[in-house]
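The block underneath contains the structure these notes are about, expressed in structure tokens.
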Protein chains: 2
Amino acid sequence: MPFVKKRTNTSDRTVKKDDVTDSAVGHRTEVTCSQCEFSGFLQLFNEMPLELARIFLLRERKVLKGEVLFREGEPFRGIYAIKEGGVKSCLLTPQSTERILGFYLPGELLGMESLRATHYQTTAIVLEPGRVCCLPLDQLELLGDSYQRFQEQLIQTLTNHLAQQQQQFVLSARQSAEERLAAFLLNMAERYARHGLVGTSFRLIMLRQDIAYFLGISIETVSRTLTRFQTKKLLLAVGKQIYLLDTPGLQAIAYSTPPPDSAPAG
Amino acid sequence: MPFVKKRTNTSDRTVKKDDVTDSAVGHRTEVTCSQCEFSGFLQLFNEMPLELARIFLLRERKVLKGEVLFREGEPFRGIYAIKEGGVKSCLLTPQSTERILGFYLPGELLGMESLRATHYQTTAIVLEPGRVCCLPLDQLELLGDSYQRFQEQLIQTLTNHLAQQQQQFVLSARQSAEERLAAFLLNMAERYARHGLVGTSFRLIMLRQDIAYFLGISIETVSRTLTRFQTKKLLLAVGKQIYLLDTPGLQAIAYSTPPPDSAPAG
DNA sequence: CGCTAGGTTGATAGAATTCAATTGTAGTGG
DNA sequence: CCACTACAATTGAATTCTATCAACCTAGCG
């Protein structure tokens, strides 16, 4: 894997589609984690000492829509950080429909459930082209002193993932399709808002079909419920683009109570 | 019966309710983790060095039905290990119905999602009286060499919890009530079977109401689906006692595959 | 221009929720 | 031992919701 020097002069070139295609595989930029735009964002690297950050040079690479980052059963190579674009994680079922476990946005980590396993336990598919990094966490044991501090961060990260996963589970255990979809949209909005984007306007990275599988309802119900939300002036949906018009109203539906909680622990 | 400890002389006394009451709080047995009946079972302590195991003497105590192990928002004291009985974990919603996150059986760990937080993120309520241990994992940092090895075990445990949680999420995203309930019962059976109990006969620790909240269906549907399973000769339900009569049949419902001749990956 | 995949809408049968009534069970005290 | 109470669980009937099958619409694209 040939590495390029840091940051030559990509910014003054107009990015055409061909660039995406030809550089999709193998094109990697040598940037340490601390130099990465997400270094202060991904808590996993918050206080990562420099010598440790250098160990895994961020092997950033572009990915195409439909590309498989890793497949269930493949030997574990590492977890992935999304830098741009979007990914879905799912289980492959023999002949029936796939089971979607979650969606991942820029700044989020993916594949942690396979961390200490020999093989990946899920499959990750790119929904929206962008950039990802593979972090070979299994090589960390080579380290000495910094290792322990990093482990603590890793435990922190895993714990947070666990809490988030539980939150997600609670959302999915809601009864009606309206509750589920409202909770889902609010969750997406919150996650987009984390990246400095406006929390009321965002673009869904997944198909209606994916939402349906994820929430355990049919694709037609997703569509119909979205339409109903629009007639209620709760939001505006133009294809994948979503504009939330009445967040409190959606919260009332999602939590079937007047908006109670303000801000959960970050 | 897994709990055959070298007792003093409790067996020759008839256990009355009063005993449970007076020893419910504060009565602790000083046993190191390695002497605990679950030491070889809880992977977290699998290879725990002795000097480390001695750090937290298992502060086992009896708990009563309805007792709150920890409440959402309380300062974090440690995670809990169930040694006997059963516990449910839930989120408290302002005035509406509680959201149930999961159920915990003997040999399982509880509260890991709050591990590196300052306060508990969930509430744990005892469903079936028994014995629990509080493990003050925040005090571990006092340790030296053994610490790192333990951290690795902790990461392993957290990773497994994450994978299980995802599995649970997938189960809950199933569409029909039959699928969900069948999957739930099979999951319970599997977990009971882990403790050397027969996997086809067990006693539910929770109310129908709890199951309903957990699965996101109504309590009446739980009841009706159970009776439907009984008329199909899939199981026998006498109150909380469950006898699985046709496990493959239930699997066929839970995983919506006609004949699961070969066992799926497990 | 017509193709195709994704998305929406309609009609209908089946499933689940809801309200309501009934039965069952455990605990209490006379 | 029994009635009494409170709570849990079941069952019934009507309404509401959802899945399903189908047709139609839309946008992107060669």
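A note on names: the letters A, B, ... follow the listed sequences, proteins ahead of strands, and every chain is numbered from 1.
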Checklist entry - Quick one: does A:E178 reach the base of D:dC17 with a side-chain donor-acceptor pair under 3.5 Å? => result no

Item to check | Proximity of B:Y80 and B:F70 rings by center, below 6.0 Å | outcome: yes

Whole Å only: how far is the [atom1] atom of [X] from the [atom2] atom of [N]?
X      : N      : atom1 : atom2 : result
A:Q209 : C:dT8  : CD    : P     : 12 Å
A:L127 : C:dA5  : CG    : P     : 18 Å
A:L215 : D:dA19 : CG    : P     : 11 Å
B:I219 : C:dT23 : CD1   : C1'   : 14 Å
B:K240 : D:dC7  : NZ    : C1'   : 11 Å
B:R228 : D:dT10 : CZ    : P     : 13 Å

Checklist entry - Do any side-chain nitrogens or oxygens of A:T227 fall under 4.0 Å of OP1 or OP2 in C:dT9? => result yes

Checklist entry - Hey, does the side chain of A:R224 come within less than 4.0 Å of C:dT9's phosphate (OP1/OP2), counting only N and O? => result no

Between [options], which nucleotide has the shortest distance from any of its atoms to the side chain of [X]?
X      : options                : value
B:I217 : D:dT20, D:dT18, C:dT17 : C:dT17
B:R208 : D:dA9, C:dA16, C:dG7   : D:dA9
A:L207 : D:dT20, C:dG7, C:dA16  : C:dG7

Checklist entry - Any side-chain heavy-atom pair from A:I100 and A:S89 closer than 4.5 angstrom? => result no

Item to check | A:M206 side chain reached by A:I211 side chain, heavy atoms, under 4.5 Å | outcome: yes

Next on the checklist: Using five base pairs at each end to define the local axes, how bent is the helix from C:dT8-D:dA23 to C:dG30-D:dC1, to the nearest 10°?
Outcome noted: 40°

Checklist entry - Taking for each residue the nucleotide of DNA chain C bearing the nearest heavy atom, is the 5' side occupied by A:S223 or by A:Q175? => result A:S223

